[in-house]
Amino acid sequence: RRYGERCDSAYWIYSRMLRELALFAAVLVISAAARAYDVEVTDKSNSEVEAMRDVANEDDTENVANEVIAGYQRANIYGGWLRRNNGKTETKNIADMERQAGISSAPPAKDVTKQIANIVVDNKLIHYGGVHTIPTIGDPEYGVLKKFILTYGVVGEFECKDFQPVHISVPADRQLIVFSASYGSTSHPDRDVTQAVVKYLVKDNAINHDGGVHTAIGDPEPGVPKTFRIIYGYSQRFTCLDFQPVVISVEEGLSLHVFRATYGSANI
């Protein structure tokens with residue numbers, strides 16, 4: 001009987017040792033995985049933190065940015081498992097910290113140039129309710145404040161015969177742009193004189209010339225009736241936030257041309 005008791009005792013000790021060894025091995029495996037994950041996250045965040053610090057120094061907001069950077073490091077290094085289990089919440093928090101430090105994690109603004117050009121009617125761009133309500137654009141970042149940026153041109157055309165005066169002007173705060181100019185007879189109607197017009201006719205951000213353009217840029221075909229044509233204009237910039245109306249129109253005789261339009265995070 002004593003021999004049986006000793007065997008039972010030895011078996012119990014042996015079984016317990018096996019359980020403890022198995023538990024210890026499991027702890028080692030989990031610890032190694034956690035360390036590997038932390039190293040991966042730490043390495044990934046180092047370059048991002050340095051980039052943030054560079055921006056902080058440029059913006060002269062180092063004290064505020066350092067607090068944000070510290071929070072960013074904590075969220076990455078110690079919040080690794082939380083980000084795995086609840087990625088959306090933690091990712092959003094990190095994005096907010098990035099924006100505060102001057103680094104936006106938002107995707108690049110969406111190019112909506114074609115969509116905006118397609119809704120220009122009679123040289124007017126009018127839309128109420130916010131850009132996101134335009135069916136062909138939609139909301140690229142739901143729940144995030146966005147900005148619409150539009151660069152457009154106000155374009156005019158002018159034509160005259162020999163010896164006729166030329167008077168062209170733009171608003172005082174805009175720069176006159178000569179897109180193209182031609183001067184020639186019916187045999188050479190498209191003779192390009194754009195550079196000559198810019199050099200000899202544009203003065204004080206306007207064109208005011210009497211007596212015929214040939215007296216300023218030369219006569220390519222003496223004694224032959226010619227026509228001077230010019231396409232000119234100026235660029236304008238328009239910005240608005242979500243839900244704000246977009247109302248743009250131009251004067252009669254001018255045309256509205258969309259050069260570029262983007263729609264994205266206001267923090268970019």
Side-chain angles (χ1 to χ4, degrees), residues 45 47-69 71-72 75-76 83 87-155 170-175 177 179 233-251 254-268:
S45 63
S47 60
E48 295 168 330
V49 170
E50 290 303 321
M52 287 183 179
R53 186 165 284 112
D54 291 340
V55 172
N57 292 334
E58 289 176 4
D59 294 342
D60 196 25
T61 56
E62 186 170 359
N63 292 335
V64 175
N66 281 340
E67 295 180 4
V68 173
I69 290 168
Y72 183 87
N76 271 282
R83 289 199 297 122
K88 291 184 179 180
T89 300
E90 192 64 25
T91 301
K92 185 177 186 300
N93 291 338
I94 292 173
D96 290 342
M97 288 188 284
E98 286 178 335
R99 290 191 178 103
Q100 292 176 36
I103 297 291
S104 175
S105 63
K110 180 180 180 180
D111 189 323
V112 294
T113 305
K114 291 183 179 180
Q115 295 92 320
I116 294 298
N118 288 336
I119 63 173
V120 174
V121 179
D122 296 330
N123 292 311
K124 295 179 181 179
L125 175 58
I126 300 176
H127 185 81
Y128 295 96
V131 174
H132 66 284
T133 62
I134 299 174
T136 55
I137 295 178
D139 193 334
E141 297 176 79
Y142 184 77
V144 177
L145 181 64
K146 292 168 291 295
K147 179 187 291 185
F148 172 65
I149 303 176
L150 169 66
T151 302
Y152 65 95
V154 179
V155 180
V170 297
D173 61 339
R174 300 288 94 192
Q175 181 178 357
I177 302 173
F179 294 108
Y234 59 91
S235 63
Q236 190 79 289
R237 184 183 174 95
F238 173 88
T239 63
C240 71
L241 298 176
D242 283 331
F243 299 100
Q244 293 181 331
V246 180
V247 180
I248 299 172
S249 60
V250 298
E251 297 177 8
L254 302 178
S255 57
L256 173 64
H257 293 260
V258 175
F259 292 153
R260 178 170 170 78
T262 60
Y263 184 50
S265 172
N267 294 299
I268 294 179

Can you tell me how far apart [atom1] ([X]) and [atom2] ([Y]) are? Round to the nearest 0.5 Å.
| X | Y | atom1 | atom2 | answer |
| --- | --- | --- | --- | --- |
| Tyr234 | Tyr152 | OH | OH | 6.5 Å |
| Arg174 | Gln236 | CZ | CD | 4.0 Å |
| Lys147 | Gln244 | NZ | CD | 10.5 Å |
| Lys110 | Gln115 | NZ | CD | 6.0 Å |

For residues [X] and [Y], determine if any side-chain heavy atom of one lies less than 4.5 Å from a side-chain heavy atom of the other.
| X | Y | answer |
| --- | --- | --- |
| Tyr128 | Thr133 | no |
| Ile248 | Leu150 | yes |
| Arg237 | Ile149 | yes |
| Leu125 | Leu256 | yes |

Show your working on side chain to side chain contact (heavy atoms under 4.5 Å, CB included) between Val112 and Ile134 and close with a plain yes or no.
-> CA-CA 11 Å; Val112 294; Ile134 299 174; over 6 Å; no

Any chance the side chains of Tyr263 and Asp139 put a donor and an acceptor closer than 3.5 Å?
-> no

What do you reckon, is CG of Asp173 surrounded by more than 12 foreign heavy atoms closer than 6.0 Å?
-> yes

Got a donor-acceptor contact below 3.5 angstrom from the Glu141 side chain to the Ser265 backbone?
->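 It does hold such a pair.
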
Contact summary for [X] and [Y], nearest pair of heavy atoms:
| X | Y | result |
| --- | --- | --- |
| Ile116 | Val258 | CG2-CG2, 4.0 Å |
| Phe238 | Pro245 | CZ-O, 3.8 Å |
| Ala261 | Phe148 | CB-CE1, 4.0 Å |
| Val154 | Leu254 | CG1-CD1, 3.5 Å |
| Val155 | His257 | CG2-CD2, 3.4 Å |
| Cys240 | Val246 | SG-CG2, 3.9 Å |

Residues which pass salt bridge (Lys or Arg N to Asp or Glu O under 4.0 Å) with Arg260, listed by chain and number, not counting sequence neighbours |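 Checked Arg260 against salt bridge (Lys or Arg N to Asp or Glu O under 4.0 Å); matches are Asp111.
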
